[in-house]
Amino acid sequence: MATLPKEQDVLAKAWGPHLNRMEGPRLDTGVEPDKIVPTHCCFCGQQCGINLKVKDNLVIGFEPRYDFPFNKGMLCPKGVKRYLQGGHPDRLTTALQRDPDAAAGFSPMAYDAAIARVASEIERIQSTYGPNAFGVLSGASLTTEKAYLMGKFARVCLKTKYIDYNGRLCMVSAGAANKKAFGIDRAANPWDDILKAEVVLIAGSNTAECSPITTNYVWQARENGGKVIVVDPRITPIARTADIFLPVKPGRDVALFNGILQLMIENDWIDHDFIEKNTTGFEAVAEHVAQWTPRRTAEVTGIAEKSIRAAAELWGTAKTSFLMHARGIEHHSHGVENCLSTINIVLASGRIGKPYCGYGTVVGQGNGQGGREHGQKCDQLPGWRDISNPAHREYIAGVWGVKPEEIPEAGVDCYEMMRKIDAGEIKGLLLICFNPKVSLPDNAFVTRALEKLEFFTVIDFFLSETAQYADIVLPGSLHEEDEGVVAQVEGRVIKINKAVDPPGDATQDWRVIQDIAKALGRSHGFTFESPREIFDELRVASKGGVADYYGITYEKIEAQNGVCWPCPTEDHPGTPRLFEPGSSNPIANGAGPFYFPDGNARFVVPAYRPPAEEVDESYPVILTTGRVVSQFLSGTQTRRIGPLVDQYPEPRVEIHPRLAQKYGIADGDWTTVESRRGTITLRAQVVTSIRPDTVFIPYHWPGRKSANQLTIAAQDPVSKIPEYKVCAVRLRKSEKPADDAETTAPDAARSDITRGGTDDVARTAVQQGR
Amino acid sequence: MARIGNMEFFLDPNRCIGCQSCVAACSECDTHRGHSMIHLQYVERTISVQTVPVVCMHCDSPTCAEVCPADAIKRTDDGVVQTARKPRCIACNNCVLACPFGVPKMQTEFSLMMKCDMCYDRSSVGLKPMCTSVCPSGALYYGTREEIEHLRPRSEPINTFQFGEQTITTKVNMMVPRDAGVQHVDVLSAMEESPVGNAAMLDSVFDDM
Ligand code: SF4
């Protein structure tokens with residue numbers, strides 16, 4: 001029964017988001033912290049170093065971590081205010097059960113009873129419908145230890161093939177393209193290689209807002225004489241002073257990069273020697289891009305021909321360069337081709353695998369890199385092994401102490417899992433670190449699917465909009481309540497350190513998972529006593545794989561301020577820059593720099609396909625979605641932090657004045673944006689910084705403010721990433737929505753029932769006569 | 001004598017990305033009591049994403065102190081102009097109105113003028129101010145002159161500002177492009193310029209939409 005136990009506004013009043021602000025010891029000057037814990041930010045893939053100040057098991061503030069080399073103390077506002085997620089009135093400190101009779105829609109229950117109930121429901125569903133009737137959805141903000149454990153838990157304990165994760169919405173297009181072209185999926189260079197690049201090309205990355213620390217690297221390249229090219233339908237802060245700005249029409253990136261390659265070939269701005277010695281497939285690509293004349297490229301991309309020519313020349317004639325891209329080119333039904341088309345201009349230039357010659361995707365989630373390496377993806381086993389490769393299955397089966405044939409086959413991507421839930425194939429779901437109600441496209445469908453589950457359990461620290469559909473909610477841990485490793489944007493494996501204990505019955509996620517395994521009577525392989533023990537098994541599981549962590553230890557991470565994988569042996573320092581002569585490469589074994597048996601990189605033909613939904617007379621405007629600097633992903637954490645909400649309280653729809661004028665919309669007017677899937681009414685922000693044929697809405701909000709009511713569930717056929725960046729909409733001037741109220745004052749009724757551990761629960765239960 | 005020594009504050013609005021890290025971090029500084037002393041604003045959002053951070057420039061002859069009838073605003077030996085002293089401040093707002101850079105803020109809840117004090121509790125013991133520690137774009141930077149010359153070869157620090165007839169020299173430096181060859185920042189005429197960045201869009205969009 002996975003329907004909402006109460007109306008949304010009742011749930012929101014009880015469970016938040018409420019706003020946490022500086023008060024008490026967090027505001028008092030002169031409070032001496034008990035300790036200062038060096039760790040990292042819990043949010044984006046930059047993984048800035050930060051020192052947390054702890055007093056009485058509460059994080060009371062931060063101190064810049066000047067000694068961490070990536071950010072040297074720098075933080076974006078999310079990092080500065082991250083500590084306010086702790087000691088929060090919305091924090092779940094007990095297990096909860098769905099209870100339509102309770103005022104808050106959920107009532108607290110003892111942790112052990114909740115675990116027992118979850119285990120018995122798993123048992124019931126799997127014995128009635130088979131093991132694959134229970135699925136697992138996980139996330140890439142988990143530490144690598146937890147991500148590894150989730151993959152193992154699904155395959156070994158639940159014996160289900162259905163596990164996938166929210167990196168599906170994030171890194172998979174880049175990952176698939178990198179595997180096709182390089183045989184390995186990791187940023188190829190340390191970020192220091194940006195500093196002296198002659199040209200920095202940024203495609204589909206709102207760097208200043210989504211990976212703010214990278215800004216300093218780009219500006220520093222400029223101080224050193226570098227030029228900046230930005231490809232984006234909006235003039236974001238990183239694009240404002242770009243040397244060349246290419247305002248691509250959403251969904252046309254392949255055309256742009258094919259057009260640039262065509263000009264590079266025509267003008268002989270290519271590295272013949274590199275192409276000859278280190279790549280295959282160039283001729284086919286050259287033949288394919290011949291059709292992308294500047295004229296045609298301009299027509300399709302909506303970019304002036306002179307700008308395309310200028311960009312091709314600047315890129316083509318540079319001696320050093322760095323190309324980075326992010327979700328802007330990846331969130332497409334042809335996201336893999338988009339990435340491949342950028343890789344082609346890198347390979348043709350020969351500028352990779354050398355100092356100041358770089359390429360990388362800008363990772364989104366905190367562990368967007370590490371979370372995609374060790375087996376929580378539906379088709380993957382640890383160490384980037386392939387679940388359909390018999391040798392890989394055999395190796396991992398050996399590590400896990402099972403027979404190879406006991407490891408399930410590949411499952412399906414997370415959106416397809418929603419479709420299988422809708423079709424009645426998956427009946428039960430365990431979800432952690434994922435808020436699909438806000439983050440998946442066409443979320444009316446997601447709601448319909450969730451409502452069909454026979455049993456739904458969520459592990460979380462707040463009652464997210466998705467957790468509100470759960471039968472049982474298990475109280476999990478915050479980032480600062482556990483330790484483990486993550487891999488940040490450069491492929492550098494770093495260590496998250498524990499600062500405080502989880503409050504009440506809240507429990508570290510890996511323990512929760514092991515408690516479920518134990519209650520199922522399937523403890524074998526789930527008796528780890530610490531993240532370090534999990535990590536040690538992961539090291540062995542990854543050994544010999546592409547993502548080889550065997551030589552990485554917690555101690556080495558600390559001593560070196562991080563270790564870049566691959567790191568095959570304990571005396572190996574790690575591999576900050578890939579594709580250098582002599583660098584660790586178990587696939588090519590000396591045959592060449594790239595991760596294929598012949599050592600060569602692959603040029604792959606990126607055929608242009610338009611977006612799944614083109615504009616037409618009824619829906620004449622392009623919608624694109626993205627982020628703002630003060631919010632993070634589905635906002636489960638950041639919509640609960642007062643100062644971050646103050647900074648950008650509500651989503652607005654960005655419209656160019658030319659387009660706004662057509663509809664009589666002025667800045668600040670209520671505006672309805674409607675797609676074939678849903679409708680949203682927001683205030684307009686009329687700005688010249690966006691293409692006149694496109695509107696933009698940030699996606700961090702739930703309910704009637706959710707941009708994903710409108711987006712389309714079209715997916716890339718290879719990576720299965722959804723097409724968040726393009727769909728067709730229409731606009732009209734509108735009225736203030738009736739339910740425009742905000743709930744921000746903490747609700748006393750709810751905090752009574754969930755403060756403190758099971759003692760309080762028992763007391764409350766007694767008082768309530770349960 | 002405190003440990004500010006040869007450390008200097010450098011402001012480069014051209015690098016600013018409007019992220020408000022500085023604002024967020026300023027409120028975390030122990031002596032700021034949860035308030036931010038930084039002003040960060042869009043120049044004109046409709047036509048540009050350009051933003052400008054304003055911190056106290058720590059004038060050599062601070063106008064705020066000169067107009068204070070209660071002598072509440074002190075400048076330290078090492079050149080940092082402090083928040084008004086609580087026992088003296090009469091919350092008259094003179095300083096708020098007089099400051100040419102618009103820096104002091106009246107905190108009505110404390111009946112006290114508070115302003116950027118370069119995180120004196122930090123800078124006086126050799127730590128960087130909060131805003132310059134966190135700023136992810138290097139728009140706010142704290143370090144030695146040698147460091148800035150090494151890091152920013154294309155830019156030049158300037159600390160003379162012209163407001164009509166009034167010339168002001170400050171402890172805080174403004175970075176300007178070296179090739180601009182200016183000796184001072186002419187604030188009034190700068191205020192008349194439109195923000196940069198609005199032209200690129202229509203200029204680079206193909207055909208007339
Ligand atoms: S969100 Fe990213 S950029 Fe901001 S502080 Fe955290 S890790 Fe750094």
Side-chain angles (χ1 to χ4, degrees), chain A residues 21-23 27 29-30 61-62 64 66 71 73-77 79-81 208-209 212-216 219-220 222-225 235-242 244-247 298-299 301-305 307 629-630 643-644 647 656-658 667 685-693, chain B residues 12 14-36 40 42 44-51 121-122 127-128 130 132-139 141 150-155 175 195-209:
Chain A
R21 296 186 181 278
M22 287 174 91
E23 50 189 27
L27 191 54
T29 50
F62 81 103
Y66 301 109
N71 62 309
M74 293 178 179
L75 295 168
C76 83
V80 169
K81 298 295 181 185
E209 297 199 72
I213 309 308
T214 296
T215 309
N216 193 50
W219 289 169
Q220 208 50 50
R222 267 200 148 166
E223 281 290 350
N224 295 334
I235 303 178
T236 64
I238 200 86
R240 180 177 68 85
T241 59
I244 298 176
F245 172 60
L246 304 175
E299 279 166 12
T301 60
I303 305 171
E305 195 178 316
S307 304
V629 67
S630 47
L644 296 180
Q647 185 170 337
H656 193 280
R658 282 196 192 182
D667 191 44
Q685 178 149 39
V686 176
V687 289
T688 53
S689 52
I690 185 162
R691 281 182 65 92
D693 54 2
Chain B
D12 186 349
N14 217 27
R15 285 189 168 222
C16 181
I17 53 173
C19 72
Q20 303 214 25
S21 271
C22 52
V23 175
C26 185
S27 68
E28 296 289 329
C29 182
D30 265 355
T31 51
H32 299 172
R33 307 192 202 180
H35 292 278
S36 173
L40 177 66
Y42 283 106
E44 193 179 342
R45 180 62 188 97
T46 308
I47 57 169
S48 172
V49 291
Q50 187 178 2
T51 44
D121 54 333
R122 301 176 64 83
L127 286 171
K128 294 183 184 205
M130 270 298 187
T132 59
S133 299
V134 299
C135 176
S137 67
Y141 185 84
H150 171 73
L151 281 171
R152 314 265 173 103
R154 308 217 145 195
S155 314
M175 302 303 287
V196 187
N198 51 334
M201 178 58 77
L202 291 179
D203 197 40
S204 316
V205 170
F206 175 75
D207 86 47
D208 198 42
M209 278 184 298

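A, B, ... follow the sequence lines: proteins, then strands. Residue 1 opens every chain. Nothing here was measured: the structure is a model prediction, and the numbers come from that model.
- Looking at A:Gln685, only its side chain comes within 4.5 Å of chain B, counting heavy atoms on both sides.
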Note to self: Using the rule given for side-chain contact (heavy atoms from CB on, under 4.5 Å), can you reason through B:Gln20 versus A:Ser630, listing the C-alpha separation, both sets of side-chain angles and the distance that settles it, and then say yes or no?
What the structure shows: CA-CA 9 Å; B:Gln20 303 214 25; A:Ser630 47; over 6 Å; no
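- The distance from the CE atom of A:Met74 to the SG atom of B:Cys135 is 6.5 Å, given to the nearest 0.5 Å.
- Residue with the most contacts toward chain A among B:Thr31, B:Asp30, B:Leu127, B:Asp121: B:Asp30 (heavy-atom pairs, distance under 4.5 Å).
- Note that the CZ atom of A:Arg240 and the CD atom of B:Gln50 stand 4.0 Å from one another [nearest 0.5 Å].
- When each of B:Arg45, B:Met130, B:His32 is scored by its heavy-atom pairs under 4.5 Å with chain A, the top score falls to B:Arg45.
- Counted by atom type alone, A:Thr241 and B:Arg15 present zero donor-acceptor pairs between their side chains at under 3.5 Å.
- Taking both residues in full, the closest heavy atoms of A:Phe62 and B:Glu28 are given as CE2-CG, 3.8 Å, listed atom of the first, atom of the second, then distance.
- Within 6.0 Å of NE2 in B:His150 there are 12 or fewer heavy atoms belonging to other residues, nucleotides or ligands.
- Residues A:Ile213 and B:Pro136 are in side-chain contact: their nearest non-hydrogen atoms beyond the backbone lie under 4.5 Å apart.
- In terms of heavy-atom pairs under 4.5 angstrom with chain B, the leader among A:Pro247, A:Pro657, A:Ser307 is A:Pro247.
- Proximity of a side-chain donor or acceptor of A:Gln647 to a complementary backbone N or O of B:Cys19 within less than 3.5 Å is detected.
- There is no contact between B:Thr51 and chain A, counting heavy-atom distances below 4.5 Å.
- Neither the backbone nor the side chain of A:Thr214 comes within contact range of chain B; no heavy atom of the residue lies under 4.5 Å from a heavy atom of that chain.
- In this structure, no portion of A:Arg21 lies under 4.5 Å from any heavy atom of chain B.
- The two residues A:Pro692 and B:Val205 come nearest to each other via the heavy atoms CD-CG2, 4.5 Å.
- With rounding to the nearest 0.5 angstrom, the CZ atom of B:Arg152 is 11.0 Å from the CG atom of A:Asn224.
- Neither the backbone nor the side chain of A:Ile244 has a heavy atom closer than 4.5 Å to any heavy atom of chain B.
- Across B:Val134 and A:Val80, no two heavy atoms sit closer than the pair CG1-CG2, 4.1 Å.
- One finds the OG atom of B:Ser133 at 9.0 Å from the CG atom of A:Leu75 (value rounded to the nearest 0.5 Å).
- In this structure, CD in A:Glu223 is found 6.5 Å from CE in B:Met175, a value given to the nearest 0.5 Å.
- Annotation: maximal heavy-atom pairing with chain B below 4.5 Å, among A:Gly79, A:Ala208, A:Ala298, A:Ala242, occurs at A:Ala298.
- Annotation: side chain of B:Arg122 is in contact with side chain of A:Pro64 (closest heavy-atom distance under 4.5 Å).
- When heavy atoms are compared at a cutoff of 4.5 Å, A:Gln220 approaches chain B by way of both its backbone and its side chain.
- By number of non-hydrogen pairs under 4.5 angstrom with chain B, the leading residue of A:Val686, A:Ile303, A:Leu246 is A:Ile303.
- A:Val687 has its side chain out of reach of B:Tyr42: every pair of non-hydrogen atoms, C-beta onward, lies at least 4.5 Å apart.
- Of the inter-residue distances, the one linking B:Arg154 atom CZ with A:Trp219 atom CH2 reads 14.0 Å to the nearest 0.5 angstrom.
- Of all heavy-atom pairs spanning A:Thr688 and B:Ser48, the tightest one is OG1-N, 4.4 Å.
- For B:Thr132, no part lies near chain A; criterion is any non-hydrogen pair under 4.5 Å.
- Contact between A:Lys81 and B:Ser27 at its shortest, heavy atoms only, is NZ-OG, 2.8 Å.
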